[in-house]
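Only one structure is covered here, and it is reproduced in the block below.
Chain A is the first sequence line, chain B the second, and so forth, proteins listed ahead of strands; every chain is numbered from 1. Keep in mind it's a predicted model, so treat the numbers as computed, not measured.
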Number of protein chains: 2
Amino acid sequence: MVRENIIKDISRNMETGEVIDKLSRTFSIFGDPTRTRIVFALSKAELCVNELSQILDMSHSAISHQLRALKDLDLVRYRKDGRRSYYSLNDEHIENLFNEGLKHVLERM
Amino acid sequence: MVRENIIKDISRNMETGEVIDKLSRTFSIFGDPTRTRIVFALSKAELCVNELSQILDMSHSAISHQLRALKDLDLVRYRKDGRRSYYSLNDEHIENLFNEGLKHVLERM
DNA sequence: TTAACATGTGAACAGTTGTTCATACGTTAA
DNA sequence: TTAACGTATGAACAACTGTTCACATGTTAA
């Protein structure tokens with residue numbers, strides 16, 4: 001039956017568990033308002049923890065934890081300058097991803 | 001100081017809480033392997049709950065719950081055909097969003 | 001009508017996640 | 001060197017999330 005072939009075909013072509021896992025982890029990283037705001041801010045400028053904590057009005061610790069999560073998935077990079085760490089988005093893919101999501105949301109509000 | 005103006009500027013231009021919330025909820029919807037696989041499957045064909053549960057090898061209930069979450073955020077639509085409900089992606093934005101994420105992940109593996 | 005089927009849904013439980021707190025580390029200015 | 005600063009991190013707790021289970025609803029075939 002045609003229908004059964006469709007099912008087999010999709011099952012066969014499903015991305016591997018590894019890809020799916022990485023993808024869903026990447027998306028879930030954005031799935032938190034705090035991290036979303038961090039990404040928004042970093043899409044405007046390179047910023048240090050202290051500045052981010054002012055912009056988001058949150059503790060250094062909370063910001064730092066979230067930045068670590070973003071860094072673990074290669075979504076942001078950072079450079080040290082003295083006692084400060086300046087963070088920025090890692091590549092334009094991230095911005096594309098973010099903007100694609102923003103576009104979707106704004107169209108529906 | 002310039003630096004302070006940057007901070008003020010970013011704070012002022014930050015999207016409203018509503019937009020950020022909707023955006024992060026949208027992303028978090030994708031932030032689960034089960035839903036990611038559902039979206040992947042639906043990007044290939046319109047499918048009913050039963051077929052999805054075969055493809056993902058999961059219970060009807062689990063699939064149905066996840067589909068509801070996807071539907072609540074307008075990410076999928078469905079049509080009834082007798083006792084079956086056929087689901088499909090709601091618009092091409094979703095696919096763009098999904099593919100943009102996939103592109104990002106695949107480039108790094 | 002009855003039985004089998006396909007899906008939907010509420011409750012509950014386990015597992016995960018995000019924040020706070022306390023503290024540690026490295027850097028700079030005095 | 002010492003004190004203040006900026007950031008990082010582990011532990012712990014609260015809050016959230018996803019799955020399963022049990023059952024309900026609606027549909028089709030016999």
Between [atom2] on [N] and [atom1] on [X], what's the gap in Å once rounded to a whole number?
{"X": "Asn50(B)", "N": "dT28(D)", "atom1": "CG", "atom2": "C1'", "result": "15 Å"}
{"X": "Tyr86(A)", "N": "dG6(D)", "atom1": "OH", "atom2": "C1'", "result": "10 Å"}
{"X": "Ile38(A)", "N": "dT7(D)", "atom1": "CD1", "atom2": "P", "result": "13 Å"}
{"X": "Asp72(A)", "N": "dA8(D)", "atom1": "CG", "atom2": "P", "result": "12 Å"}
{"X": "Ile63(A)", "N": "dG6(D)", "atom1": "CD1", "atom2": "P", "result": "15 Å"}
{"X": "Leu70(A)", "N": "dT7(D)", "atom1": "CG", "atom2": "C1'", "result": "16 Å"}
{"X": "Leu47(B)", "N": "dA6(C)", "atom1": "CG", "atom2": "P", "result": "15 Å"}
{"X": "Arg84(A)", "N": "dG6(D)", "atom1": "CZ", "atom2": "P", "result": "5 Å"}

Closest approach of [X] and [Y], non-hydrogen atoms and distance?
{"X": "Leu97(B)", "Y": "Gly101(A)", "value": "CD1-N, 3.4 Å"}
{"X": "Ala62(A)", "Y": "Met58(A)", "value": "CB-CE, 3.8 Å"}
{"X": "Leu102(A)", "Y": "Leu23(B)", "value": "N-CD1, 3.5 Å"}
{"X": "Ile20(A)", "Y": "Glu15(A)", "value": "CG1-O, 3.7 Å"}

Would the number of heavy atoms belonging to other residues, nucleotides or ligands and lying under 6.0 Å from CG of Asn13(B) be above 12?
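Above 12, so yes.
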Quick note, ring-ring contact (aromatic ring centres under 6.0 Å, His included) partners involving residues 66-90 of chain B, not counting sequence neighbours, are Tyr78(B)-Tyr87(B)
Flag the pair Leu47(B) / Arg3(A) as yes when at least one side-chain heavy-atom distance between them is below 4.5 Å, and no otherwise.
yes
I need the residues from residues 14-24 of chain A with at least one non-hydrogen atom less than 4.0 Å from DNA chain C; give them sorted by number, or say none.
none
Under 4.0 Å protein heavy-atom contact, by nucleotide of nucleotides 12-27 of chain D - B base, S sugar-phosphate only
------SSBB-----B
With side-chain contact (heavy atoms from CB on, under 4.5 Å) as the criterion, how do His104(B) and Leu75(A) come out once you've worked through the C-alpha distance, each side chain's angles and the decisive distance to 0.1 Å?
CA-CA 10 Å; His104(B) 170 76; Leu75(A) 299 183; 3.5 Å; yes
For a quick check of understanding: with a heavy-atom distance under 4.0 Å over all strands, which category does Tyr87(A) fall into, base, sugar-phosphate or nothing?
sugar-phosphate
Let's go through Asn90(B) and Lys71(B) carefully: what are the C-alpha distance in whole Å and the side-chain angles of both, what is the deciding distance for side-chain contact (heavy atoms from CB on, under 4.5 Å) to 0.1 Å, and is it a yes or a no?
CA-CA 9 Å; Asn90(B) 201 15; Lys71(B) 198 160 67 64; over 6 Å; no
